[in-house]
Amino acid sequence: MSTLKAVRGTRDLLPPETALWNRIEATARDVFARYNFGEIRTPVFEDTGLFARGVGEETDIVSKEMYTWEDRARAQSEKTQSLTLRPENTAGVVRAYIEHGLGESGLLQKLYYIGPQFRRERPQKGRYRQFSQIGAEVIGPPSAGSESPLRDAEVLEMLATLLDELGITGWVLELNSVGSAADRARYNEALREALIPVVGQMCGDCQRRAETNPLRVLDCKVAADQPIIETLPVIADSLDEASGAHFAAVTAALDAAGVPYTRNHRLVRGLDYYTRTTFEFTHGGLGAQNALLGGGRYDGLSEMLGGPRAPGIGFAIGEDRLVLTLLAALDQKAAPPQVADAFIAPLGEGMNAAALVLARELRHQGLWIELGEGSFRLKKSFEAADKTARQIVILGEDELQSGILTVKNFSTGVQTKVPRGELAVFLSN
Ligand code: AMP
């Protein structure tokens with residue numbers, strides 16, 4: 001019988017690496033709390049229509065990467081429904097914002113999420129079919145200040161803080177503006193015209209995009225097309241006065257806060273709903289998939305999903321890529337193994353219950369304890385303890401009666417007799 005394996009593009013996360021994942025998530029929660037964000041958890045699957053409308057039929061995500069199925073009707077009266085594993089979380093958050101009337105408070109909604117997303121992409125290093133994103137959205141009625149460039153700058157400054165606190169150095173913030181829907185339409189026209197004389201020399205994808213969505217030509221990775229793309233007009237020249245002023249205000253606030261960025265005129269992002277500010281944080285250590293995170297402003301998304309006017313800005317961090325970056329910085333393939341404070345070795349199976357009681361006492365006092373097994377010979381207990389803990393505590397009939405325990409420290413090799421009442425303090429030093 002063939003053995004079963006995790007599906008292509010998915011993987012198991014095991015200790016000790018999961019400790020690193022938990023540390024990243026704890027740091028993110030801590031930073032988000034300081035910026036007054038609250039957590040939202042939306043379902044992992046949604047009606048397919050949400051993504052078709054909220055991400056865009058033309059995007060690679062919707063046109064070829066979604067895990068979609070027709071949910072069977074359970075009763076004659078029920079209709080089947082097309083469902084999709086979420087490929088991203090912004091559409092779900094905005095759906096929830098509309099469904100729960102969160103805008104009615106008149107306040108800015110500041111929401112973050114952490115969770116799995118699903119895209120049928122070609123797996124490679126840093127690109128998986130199930131991956132985890134840490135993201136946040138700032139969304140609300142215009143009266144709450146949701147359109148202000150200060151919101152964009154604050155989100156970017158928060159991301160710089162988060163990456164710094166995670167210990168990720170060498171990130172680059174690439175920034176651009178894709179303008180309003182009208183600016184984009186104007187730019188698309190300018191691109192379409194500029195492409196007419198040159199598109200014949202470009203790749204098949206670009207030839208198709210030049211017809212359907214010229215903006216996407218800027219995403220092209222084919223080396224031979226790059227010199228041609230360099231000559232195309234930039235979107236900065238198509239921005240109207242308001243979009244230009246918005247971008248200038250964002251960069252002025254970033255300059256004031258000392259957050260470095262570079263302008264990337266080609267940064268138009270893969271999703272259709274972006275307006276004005278778009279950004280990516282990249283990291284050289286990641287190789288081909290060098291984007292740590294991406295995001296931008298999406299002022300028309302709520303209306304696109306049938307909701308009230310609710311401008312917003314958000315981002316999604318690729319958590320898998322944070323882990324890869326941190327592991328590379330640690331200069332090792334795996335996170336350091338987790339080591340307990342002490343290993344308790346019962347001498348004989350008759351001591352097992354007493355060992356459980358001792359372990360319980362110490363764990364209640366906050367120590368990390370590995371519990372051995374009385375059927376082990378002492379040598380085997382020492383070998384197991386040496387691999388999992390800093391110290392070993394031997395518990396036999398004599399120790400139980402006298403209340404004096406023998407502790408051996410593996411790094412110093414020193415063996416000490418310690419009264420049971422002082423054990424927790426001794427072990428934690
Ligand atoms: P997006 O939702 O496409 O804007 O992506 C935001 C971030 O999620 C990217 O910058 C990546 O870090 C991460 N990401 C996107 N797709 C994948 C994937 N298939 N595997 C791992 N990380 C991904």
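Every value quoted in this text rests on a predicted model; they were computed, and no experiment measured them. Ligands are counted one by one from 1 in listed order, and the atoms in each one are counted from 1 as well.
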*Asks:* Examine Gln133 against ligand 1 and note whether any of their N/O atoms are separated by less than 3.5 Å.
*Replies:* yes
*Asks:* Given Arg297, which of Thr275, Asp152, Thr277 fulfils the side-chain hydrogen bond (donor to acceptor under 3.5 Å, both in side chains) condition?
*Replies:*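 Per the side-chain hydrogen bond (donor to acceptor under 3.5 Å, both in side chains) rule, the option paired with Arg297 is Asp152, out of Thr275, Asp152, Thr277.
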*Asks:* Just going by heavy-atom distances, which of Ala291, Gly126, Gly318 is nearest to atom 21 (C) of ligand 1?
*Replies:*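 Answer by nearest heavy atom: Gly126.
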*Asks:* Is there a polar contact between ligand 1 and Ile61, counting only N or O atoms under 3.5 Å apart?
*Replies:* no
*Asks:* Return yes or no for this condition: an N or O of Arg119 is under 3.5 Å from an N or O of ligand 1.
*Replies:* yes
*Asks:* Between Arg209 (side chain only) and Pro214 (backbone N and O only), is there a donor and an acceptor less than 3.5 Å apart?
*Replies:* no
*Asks:* Test of understanding: with side chain to side chain donor-acceptor pair (under 3.5 Å), list the residues that count as partners of Thr80, not counting sequence neighbours.
*Replies:*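 Testing Thr80 for side chain to side chain donor-acceptor pair (under 3.5 Å), a comparison that skips the adjacent residues, returns Glu70.
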*Asks:* With a cut-off of 6.0 Å (strictly less than), are more than 12 heavy atoms of other residues, nucleotides or ligands near OH of Tyr35?
*Replies:* yes
*Asks:* Lys64: which residues meet the salt bridge (Lys or Arg N to Asp or Glu O under 4.0 Å) condition with it, sequence neighbours left out?
*Replies:*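 With sequence neighbours excluded, Lys64 shows a salt bridge (Lys or Arg N to Asp or Glu O under 4.0 Å) to Asp60, given in chain and number order.
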*Asks:* Report yes if Glu121 has an N/O atom closer than 3.5 Å to an N/O atom of ligand 1; otherwise report no.
*Replies:*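 Among all N and O atoms of Glu121, at least one is under 3.5 Å from an N or O of ligand 1.
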*Asks:* So which of Ile134, Leu293, Asn290, Leu324 gets nearest to atom 10 (O) of ligand 1, if we judge by its closest heavy atom?
*Replies:* Leu293
*Asks:* Parallel, tilted or perpendicular, judged at 30° and 60°: which one describes the rings of Phe410 and Phe382?
*Replies:*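 Because their plane-to-plane angle is over 60°, the rings of Phe410 and Phe382 count as perpendicular.
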*Asks:* Would you check whether Leu292 has a nitrogen or oxygen atom less than 3.5 angstrom from a nitrogen or oxygen atom of ligand 1?
*Replies:* yes
*Asks:* Less than 3.5 Å between some nitrogen or oxygen of Glu88 and one of ligand 1, yes or no?
*Replies:* no
